[in-house]
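Below is one structure; the comments refer to it alone.
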Amino acid sequence: MSAPTEMEKAHEPRDVDVSAAGRGVWLVKVPKYLSEQWKLCPKGTDVGKLKISKTKTSSKGPDIVFTSFDVSHNATTGQEGVPKTAFPKPLQGIVGSRNHQFIVSNVGSQNLVVMAQLRTDMTGKELPVEKISVEGKVLQRAECHPIVDAQYRQLKKDQVQAQNTPQRQIKLLPNIVQSYKPVSDHFNNIEDKKTKKAEKRSRAEKEKVMDVLFNAFEKHQFYNVKDLVGITKQPVPYLKEILKEICNYNMTAPHKNMWELKPEFRHYKPTDEGTS
């Protein structure tokens, strides 16, 4: 037999406690800042005082004024683990308007009840036991409107400022933050540039440059311009003028783009061929 689905579990028959079904209750709509306070309050905390006074005219209903208490100081770590910092702004400090007016309306033909669902962990059972009860029947509906006074105006002002304040802001640091910073050039490159400037090439005598070139070509037969510049320490245009006099520039492979002495300046030793 397959396990029951979530839909089947939701429609399972359960016992409902109806002992308080005859109790009359009011269905009241409160502002958001009040509901946020009450959610964080410990159980059994007084949240306000209700004052009902009769009006002079019989046609008009009674005046109902609700005065809320500042319950933010009751929320501490020792009471159900709710820290005081858990109250959202602007509930820290100005909690909201203290005085509220109840606008009462009839339920009419509607049949409204308040139900509660409580889960309790029972020892020795895998799943918590759910207790469903009827807490009462709705007799009156009311809306809790804050009375516009100086405290309420200050609350709305703080809310507007909080909404218009950007989450990310520019902050000026008083001290330099010690961290890795980008550099325009590395130390090795700077040293190389200094060395190159110190070794600024100047034209030497033509005969001395040719002697250096002949000595180099005695070691190797082919050179490129870059290697010869490093050997002679001469400017490239000046070096090419001398190379054109004593060398040939190869345009084809296998020694393409390399310089070689002209035949009349070569003094290579002949290789022994046919020796056994």
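The chain is numbered in sequence order, starting from 1. What's counted below: heavy atoms across the whole structure, side chains too, no hydrogens, waters or symmetry copies.
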Shortest non-hydrogen separation from Val138 to Val113 and the atoms involved: CG2-N, 4.3 Å

Approximate separation, where rounding is to 0.5 Å, of His220 NE2 and Asp227 CG: 9.0 Å

Minimum heavy-atom distance between Lys32 and Ser35, given as atom pair plus value: O-OG, 2.8 Å

From CA spacing to verdict: side chain to side chain contact (heavy atoms under 4.5 Å, CB included), Val134, Met115: CA-CA 4 Å; Val134 178; Met115 301 187 69; 4.3 Å; yes

Minimum side-chain heavy-atom gap Gln151-Leu155 below 4.5 Å: no

Gln140 vs Asn106, side chain to side chain contact (heavy atoms under 4.5 Å, CB included): CA-CA, chis, key distance, verdict: CA-CA 6 Å; Gln140 292 284 350; Asn106 295 326; 3.7 Å; yes

Close side-chain approach of Val148 to Arg153, heavy-atom, < 4.5 Å: yes

ILVMFWY network linking Tyr33 to Trp38, side-chain heavy atoms under 4.5 angstrom: yes

Whether Phe102 and Trp26 hold their rings parallel, tilted or perpendicular, with breakpoints at 30° and 60°: tilted

Atom NZ of Lys51: over 12 foreign heavy atoms under 6.0 Å: no

Hphob cluster co-occupancy, Val30 + Leu50, side-chain heavy atoms under 4.5 angstrom: yes

Ile147 versus Gln101, closest heavy-atom pair with distance: CG1-N, 4.0 Å

Glu264 CD to Ile246 CD1 distance, which is reported to the nearest 0.5 Å: 10.0 Å

Any side-chain heavy-atom pair of Glu260 and Asn250 under 4.5 Å: yes

Heavy-atom check, side chain of Phe66 versus side chain of Val28, under 4.5 Å: no

Within-4.5 Å side-chain heavy-atom neighbours: His100 and Leu34: yes

Test item: Lys29 side-chain N/O and His145 main-chain N/O as donor-acceptor pair under 3.5 Å: no

Interatomic spacing from CD in Gln163 to CG in Asp158 - rounded to 0.5 Å: 11.5 Å

Would you give me the side-chain donor-acceptor pairs under 3.5 Å for residues 206-216, sequence neighbours excluded?
| residue | atom | partner | partner atom | Å |
| --- | --- | --- | --- | --- |
| Lys206 | NZ | Glu245 | OE1 | 2.7 |
| Lys206 | NZ | Glu245 | OE2 | 2.7 |
| Asn215 | ND2 | Asp211 | O | 3.1 |

Glu36 vs Leu40, side chain to side chain contact (heavy atoms under 4.5 Å, CB included): CA-CA, chis, key distance, verdict: CA-CA 7 Å; Glu36 288 175 346; Leu40 299 174; 5.9 Å; no

Joint hydrophobic cluster, Ile132 plus Val18, side-chain heavy atoms closer than 4.5 Å: yes

Separation of Asn257 CG from Phe222 CZ (nearest 0.5 Å): 13.0 Å

Polar side-chain atom of Arg23 near backbone of Glu135 as donor-acceptor pair, under 3.5 Å: yes

Lys157 and Gln154: CA distance, side-chain angles, deciding distance, side chain to side chain donor-acceptor pair (under 3.5 Å) verdict: CA-CA 5 Å; Lys157 180 180 178 181; Gln154 183 64 35; 4.9 Å; no

Non-hydrogen side-chain atoms of Lys137 and Asn111 separated by less than 4.5 Å: yes

More than 12 heavy atoms from other groups under 6.0 Å of CD on Glu205: no

With Glu241 via side-chain hydrogen bond (donor to acceptor under 3.5 Å, both in side chains) - residues at least two apart: none

Sub-4.5 Å side-chain heavy-atom contact between Arg141 and Gln110: yes

From Tyr152 atom OH to Lys156 atom NZ, the distance as rounded to the nearest 0.5 Å: 4.5 Å

Single-linkage hydrophobic cluster, 4.5 Å side-chain cutoff, Val107 and Leu27 together: yes

Qualifying residue, where the test is ring-ring contact (aromatic ring centres under 6.0 Å, His included) with Trp259 and the options are Phe265, Tyr249, Tyr223: Tyr249

Nearest heavy-atom neighbours spanning Pro31 and Cys144: CD-O, 3.4 Å

Interatomic spacing from CZ in Arg203 to CD1 in Ile242 - rounded to 0.5 Å: 8.5 Å

